[in-house]
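Heads up: the structure comes next, in structure tokens.
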Amino acid sequence: MHEIVKYHNDLNTVPMRKFSEIELNIFMAVVQQMRDKSMDKIQLSFTRLKELANWKRKKDDAEFTKYLHSVAEKLIHLSGTRWSPDGKSFDMFILFTRFTADSNSQTLDVSVNPEFSYILNDFTGGNFDQYELAEFVALSTTYGKTLYRLLKQYRTTGYLNLPIDKFRELLTVPKSYSISDIDKHVFTKSTRKDMANAFKHLKIRKVYGKGRGKPLVGYEFLFDKETANADQKRIEFDKRAMQGFNPNNTSADWDFRKLLE
């Protein structure tokens, strides 16, 4: 299977709260099937959806329909935010408007909000994420799948900075988690292994501020970029997102492959 997932970067502003690994697989399978079709509605067979999402559970079609209902219930409430370049205005959106599953015909109909269908169809200016669906599906943790999506957005630069608040928001890290909890529950051995296999020479640096106690203010990700030419627009977007964040104040440097030893 060499299906390519491709979508506008605005989709990465949507936190995927409380999704399991298989639910994220189904979500990305739907996104992949709607790509470049300029359609507000598509129909997927259960067989094709299971194939794309690498579904291995032994459930009959009636039970699979019930499972799709729980997934659709989460997807239909997903919302994202599109900010203006100057950060002075925003536009909140929901991507999906309707899901209709039928165990008799073994089909799932998915409708997209036409006002934001550009997310699945407009890839001008390099403002898009792209990767193989099979590679995403093979990832074993939800945190790993989210990190994978975020890092793939910066595949041509090999560099991403995330302030700690943005990191918590995009990965839906519980507010109660301390930094040591993040080390233990977010950067698990399985997640580190997935990331090390997906991104060559991946390193992550904890970035500390200069205030009292030198609080952790963010994370810096570095890895081999996929192309020779950096995308300047992507760099500028990253700089805007990182206002007030100094990546030079680093006192920790993690090499993911060393952590696997």
Side-chain angles (χ1 to χ4, degrees), residues 1-82 91-139 142 145-146 148-150 152-153 155:
M1 180 174 64
H2 295 286
E3 305 289 354
I4 300 299
V5 179
K6 194 174 182 180
Y7 51 80
H8 194 281
N9 288 337
D10 284 354
L11 187 58
N12 281 338
T13 71
V14 181
M16 305 293 290
R17 294 183 175 88
K18 298 180 180 179
F19 279 73
S20 68
E21 290 85 354
I22 188 63
E23 288 171 340
L24 289 173
N25 292 348
I26 290 174
F27 169 61
M28 281 304 164
V30 171
V31 168
Q32 192 280 326
Q33 287 294 289
M34 300 198 78
R35 185 195 113 196
D36 283 336
K37 291 186 170 62
S38 298
M39 300 167 59
D40 297 334
K41 181 179 179 180
I42 65 164
Q43 184 175 89
L44 287 169
S45 70
F46 284 3
T47 300
R48 181 58 171 157
L49 191 57
K50 290 176 181 178
E51 176 189 3
L52 291 170
N54 196 28
W55 176 270
K56 297 183 181 298
R57 303 183 185 184
K58 293 182 179 180
K59 292 178 181 287
D60 60 29
D61 291 328
E63 285 298 312
F64 184 64
T65 302
K66 292 180 181 178
Y67 186 84
L68 287 179
H69 177 266
S70 68
V71 178
E73 198 168 29
K74 294 179 181 180
L75 291 177
I76 209 162
H77 287 102
L78 284 181
S79 63
T81 304
R82 180 174 58 182
D91 195 7
M92 291 193 70
F93 64 88
I94 57 170
L95 184 57
F96 299 109
T97 59
R98 186 170 183 173
F99 292 88
T100 304
D102 187 342
S103 57
N104 293 316
S105 62
Q106 299 184 39
T107 57
L108 173 68
D109 292 340
V110 184
S111 298
V112 172
N113 184 348
E115 191 173 354
F116 295 100
S117 62
Y118 77 89
I119 288 176
L120 305 176
N121 296 287
D122 183 7
F123 309 124
T124 58
N127 295 316
F128 61 86
D129 222 345
Q130 178 175 295
Y131 46 82
E132 282 197 24
L133 178 60
E135 191 171 60
F136 176 86
V137 167
L139 300 172
T142 55
K145 289 177 186 293
T146 301
Y148 177 87
R149 290 191 296 115
L150 296 174
K152 277 295 184 179
Q153 182 175 333
R155 64 195 179 281

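Just so you know, these numbers come straight off a predicted model, no measurement behind them. These values consider heavy atoms only, across backbone and side chains, with no hydrogens, waters or symmetry-generated copies.
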Quiz item: Thr142 and Met16: side chain to side chain contact (heavy atoms under 4.5 Å, CB included), yes or no, with the steps?
Solution: CA-CA 9 Å; Thr142 55; Met16 305 293 290; over 6 Å; no

Quiz item: Can you list the steps and then say if Ile94 with Ile76 is a side chain to side chain contact (heavy atoms under 4.5 Å, CB included)?
Solution: CA-CA 7 Å; Ile94 57 170; Ile76 209 162; over 6 Å; no

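- Nearest heavy atoms, Leu49 versus Leu44: CD1-CD1, 3.9 Å.
- By the ring-ring contact (aromatic ring centres under 6.0 Å, His included) test, Phe46 pairs with Phe64, sequence neighbours left out.
- Val137 approaches Ala53 most closely through the heavy-atom pair CG1-O, 3.9 Å.
- Partners of Lys41 under the salt bridge (charged side-chain N to carboxylate O under 4.0 Å, His left out) rule, at least two apart in sequence or in another chain, do not exist in this structure.
- Looking at residues two or more places apart in sequence or on another chain, you find a side chain to side chain contact (heavy atoms under 4.5 Å, CB included) between Ile4 and Arg35, Gln130, Glu132.
- In this structure, the side chain to side chain donor-acceptor pair (under 3.5 Å) partners of Thr107, at least two apart in sequence or on a different chain, are Ser105.
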Self-check item: Residues Phe136, Val5; criterion side chain to side chain contact (heavy atoms under 4.5 Å, CB included); working and verdict
Solution: CA-CA 9 Å; Phe136 176 86; Val5 179; 5.8 Å; no

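- Listed by chain and number, the residues in a side chain to side chain donor-acceptor pair (under 3.5 Å) with Lys56 are Asn54 (sequence neighbours excluded).
- When every heavy atom of Val14 is checked against every heavy atom of Ser79, the shortest pair comes out as CG1-O, 3.5 Å.
- Within the 4.5 Å cutoff, the side chain of Val110 has heavy atoms near those of the Phe96 side chain.
- With sequence neighbours excluded, no residue forms a ring-ring contact (aromatic ring centres under 6.0 Å, His included) with Phe19.
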Exercise. Begin from the C-alpha positions of Leu75 and Phe27 and carry the test side chain to side chain contact (heavy atoms under 4.5 Å, CB included) through to its verdict.
Key: CA-CA 8 Å; Leu75 291 177; Phe27 169 61; 3.3 Å; yes

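- Under the side chain to side chain donor-acceptor pair (under 3.5 Å) criterion, the residue pairs touching residues 108-119 are Asp10-Tyr118, Gln43-Asp109, Arg82-Tyr118, with sequence neighbours excluded.
- Shown here are the salt bridge (charged side-chain N to carboxylate O under 4.0 Å, His left out) partners of Lys6, two or more places apart in sequence or in another chain: there are none.
- Judged by distance alone, with hydrogens and angles left aside, the side-chain atoms of Asp61 form no donor-acceptor pair with the main-chain N or O of Asn104 at under 3.5 Å.
- Sorted by first and then second residue, the salt bridge (Lys or Arg N to Asp or Glu O under 4.0 Å) pairs involving residues 62-80 (not counting sequence neighbours) are Glu23-Lys74, Glu63-Lys66.
- Taking Gln33 as the reference, nothing meets the side chain to side chain donor-acceptor pair (under 3.5 Å) condition, with sequence neighbours excluded.
- In this structure a side-chain-to-backbone donor-acceptor pair under 3.5 Å is missing from Asp129 to Tyr7.
- Remark: Glu21 engages no residue in a salt bridge (charged side-chain N to carboxylate O under 4.0 Å, His left out) (not counting sequence neighbours).
- In this view, Tyr67 satisfies the side chain to side chain donor-acceptor pair (under 3.5 Å) rule with no residue, not counting sequence neighbours.
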